[in-house]
Every structure is written in C-alpha cells, then in structure tokens.
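Predicted model only: the values in this text are computed from it and were never measured.
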2 protein chains.
Amino acid sequence: MALAHAILVALLDNPCSGYDLAKRFDESVGVFWDASHQQIYRELGKLEADGHLTAETIEQDGRPNKKIYEVTEGGQGFLQEWMAKPTGIRTVKDDLLVKLFAGHMVSRDLILEELENHRQLHEARLGEYRALEQQFLSKTDGLTLASRFQYLTLRNGLLIEQSWLTWCEEAIAYLMRLGRQGE
Amino acid sequence: MALAHAILVALLDNPCSGYDLAKRFDESVGVFWDASHQQIYRELGKLEADGHLTAETIEQDGRPNKKIYEVTEGGQGFLQEWMAKPTGIRTVKDDLLVKLFAGHMVSRDLILEELENHRQLHEARLGEYRALEQQFLSKTDGLTLASRFQYLTLRNGLLIEQSWLTWCEEAIAYLMRLGRQGE
DNA sequence: CCTGCCATGTAAAAAGTTACATGATTCG
DNA sequence: CGAATCATGTAACTTTTTACATGGCAGG
C-alpha cells in the first residue's frame, strides 16, 4: 500500500501537480518507486478525500489549469505512523530471470541477445543515477538533512544497478564459455 | 503477466502440486519470483483451462488428495513464444526506501532500527542463497544444462542481496556519522 | 491438547496496467 | 504540418493482497 506513502514523501519534499509528480516518478523518485499518471491521479483523489492532502488550483492561460497538492498535518501524521511500523524486505520479480531459469528451452543466441539488451538498459540507468549523484556531490555548501536522506535512496539505486550490470556481464561470459565447449 | 510463466518454468523443471509450488516459491524459485498459494491455485486453474498444463489427481489416504501438474507441449510453445519477446527492466519498489526518503520526519533511532532490521533480513537471505549455491557447486559430476541456467538466476540473487547488505551497512554508518556531528 | 504440516480452495478489496479521451501550445 | 509537451482525467481489465474456510494427522 506504499504508493500513497511514496506520493506523500514526494509531495512533502516538493509540492506539485499530478502531472509533475508523474514526471518525478519517471526520474528521481523512480529510484525507489514507479507509478503511471493514471495511478497517481486516482491516488491523489483518494488522499485528498482522506484529508491527507490539500489541492490549490492554479489558473493558467495558454495551457490547462493545474492543481498543486500539498501534504496536510494529518497527512504527515499518517506518514509517521506508517514509518513507525517495521516492514519486510522486497520480493524480487523479474521477467529476465524467469526466462533464464528455462534458458535451455530456446536458442543460446536468443538468451544472449536478451542479456545484452538488459546489460545496456542497466548501464543507461546507472549513468542516469551517476548524473543525479553528481548533483548531490556538487553542492559545496553542504546538503540539508532532507537531502542527505534522499541521497541514501540514490546510493541504493547505484549499488543495485551496478550489481545488475555486473551480473549481466557475468551471465554473458558464463554462457559464452558454455557455448565454446560445444554444449 | 509473468506469474503464469514463472509457474510454467517451475513445473517444467519439476512437475508438482500447487501446494509444493507454493513452497518452492518460498524457497529456490523465490530468488526470482514470489507468489502466494491463492495466486498459484487460481493461475493453475487458468493454465489448465488454456491447455498449457495437465493435472493428474493422486489419491492419498491419511491426507488430502493432490493434483500433480505437468506442462503440455502447448504450454512449452506458449513459454517459448513469450521468451522470444524482449522485456524491459524491473521497476524498483521498496518501502524502506520510501521511508528513508522522508527520514527526517521521524527520529534517527527509528530509522536506524529499521535499517538494522533490514540488514539482518538481507543477511539471512544471503545465507540461504549461499547454501543453495553450495548445492550447485558440490555436484562434482557436472551440472546439466538446465541446472546451469538455474545457477545463473541464483547468482543474480546472490549479487543483489550482497548489494542490499552493503547498502544497509553504508546507510547505517552514514547516519551514525551524521548523528555524531550533532544534527 | 495445541501447534504445525498437508492440501485445497473462495471472496473481497486494493493496486497496477492498458486503452480511451480532450485540447491548446510550442518547437522543429 | 506533425510531434511533443502541458494537464487532467475515466473505464475496463488484470494482478496482487488479505481474510476466510475446511479437516485430518503427527509430534511435543
């Protein structure tokens, strides 16, 4: 049920519209959560109905009006309550690993292509995360407390993406070696 | 939609009952997919209706009868088709990271406790994966091709869990340092 | 005697995906 | 002149989670 909480922490850091939230879920917030605009709008409606958010409509000319959402005190309490309850660790779900588990069902080349494709995707994402890290590291006058916590979430993304990259390379090398042995 | 495919690859490796599948999703298969027994029974029903699986009822006395599911040729084709279509990379969703992003909202100790808790959980899981790896490595007479592919999925679990562990330690150290500086 | 294992499911609610829908503006 | 961006949503469907439900047998 953490989509609601993910939205709240994002808005707490920086109040914005649903549209902007969707963009942030594609960028920085995306390091730890992902959501489509459809989900976001629905959830924003619920959170507002529950009193966890207030919306202020900004009239704009030349482009559609927008609603800026802000977390209420009630919303902050709701978040803090949730944060005080321990949670378990994630459950992995990855299509590529499902495919690999039955890798002997298809040609070696098909599997290698898919691995190479994923390697590139993870490499690209790692690059994005490194760019985000530079933004943190370049602030010479020191980070705020809030930024330091956000930095830790980014560090997680960096370590995990690095592992994926390493694993893709290892898997490709392993299968190439198998291939050469004529299996 | 990969739950169906995860079930198929598991049954392909080793036909079994829904109950046994649920256990395997908690153990070895759990390295790359997770599912509750409720999901599994429903999906088994669908897969059987679609002709991807056949079920054989085993009468047992003293305990409930069980149905052993096996992948049909049609099911294999269904799998292979899916495997030939490239898929994207996962989207991370993790409660702990949501909490950390708003870490300044609660006491430092609360966050540190949660991090330490997760550190232990990841350490335990890493231990399980290492034990599974030993089973692969101890087979002196060489692994089958299918086992080699399965080994790669386990390697992924090992690398990812190792990263989580490293990250938890890094985050704990980072926050302790902050604490000492009297923030 | 109580807990846990074996073995299967149903039902309801929440979360997530995919498709549909609108309409002006800006940039190439 | 077409594509992308801004900005919001609805509807239908699929997937996942949580709770409920049954019942015998084995072990401490």
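If you take CD1 of B:Ile40 and C1' of C:dT10, they are 16 Å apart, rounded to a whole angstrom. Rounding to whole angstrom units, NZ of residue B:Lys66 and C1' of C:dC6 are separated by 9 Å. The CG-C1' distance, from A:Asp26 to D:dT5, rounds to 14 Å in whole Å. Separating the CZ atom of B:Phe25 from the P atom of C:dA7 is a distance of 18 Å, rounded to the nearest angstrom. Atom CD in A:Gln60 sits roughly 12 Å away from atom C1' in D:dT8 (whole-Å rounding). Across the protein-nucleic acid pair, A:Leu21 atom CG and D:dC6 atom C1' stand 15 Å apart, rounded to whole Å. In this structure, A:Arg24 places its CZ atom 15 Å from P of D:dA7, rounding to the nearest Å.
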Do any N or O atoms of the protein come closer than 3.5 Å to N or O atoms of nucleotides 9-19 of chain D, and which pairs are they?
residue: D:dG9; atom: OP1; partner: A:Lys67; partner atom: NZ; Å: 3.1
residue: D:dG9; atom: O6; partner: A:His37; partner atom: NE2; Å: 3.1
residue: D:dT16; atom: OP2; partner: B:Gln39; partner atom: NE2; Å: 2.8
residue: D:dT16; atom: O5'; partner: B:Gln39; partner atom: NE2; Å: 3.2
residue: D:dA19; atom: N6; partner: B:Gln38; partner atom: NE2; Å: 2.8

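Mapping A:Pro64 and B:Asn65 onto DNA chain C by nearest heavy atom places B:Asn65 at the nucleotide closer to the 5' end.
A cation-pi contact links B:Lys139 to B:Phe136, judged by a cut-off of 6.0 Å to the six-membered ring centre and 45° from its axis.
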Original post:
So B:Asp20 and B:Ser17, side-chain hydrogen bond (donor to acceptor under 3.5 Å, both in side chains) or not? Walk me through it.
Top reply: CA-CA 5 Å; B:Asp20 290 326; B:Ser17 67; 3.0 Å; yes

Subject >> Check against side-chain hydrogen bond (donor to acceptor under 3.5 Å, both in side chains), A:Tyr151 and A:Glu133 >> reply: CA-CA 8 Å; A:Tyr151 177 65; A:Glu133 190 177 33; 2.9 Å; yes

Original post:
After noting the C-alpha distance and the side-chain angles of A:Ser28 and A:Gln150, does the key distance pass the side-chain hydrogen bond (donor to acceptor under 3.5 Å, both in side chains) rule?
Top reply: CA-CA 9 Å; A:Ser28 55; A:Gln150 291 173 19; over 6 Å; no

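Partner A:Phe101 forms a ring pair (Phe, Tyr, Trp, His ring centres under 6.0 Å) with one of B:Phe32, B:Phe149, B:Trp33 and no other, that one being B:Phe32.
A side-chain donor-acceptor contact under 3.5 Å links A:Trp167 to the backbone of B:Leu152.
Distances shorter than 4.0 Å separate some side-chain N or O of B:Tyr19 from OP1 or OP2 on C:dC6. Between A:Lys23 and the phosphate of D:dA7, there is no side-chain N or O to OP1/OP2 separation shorter than 4.0 Å.
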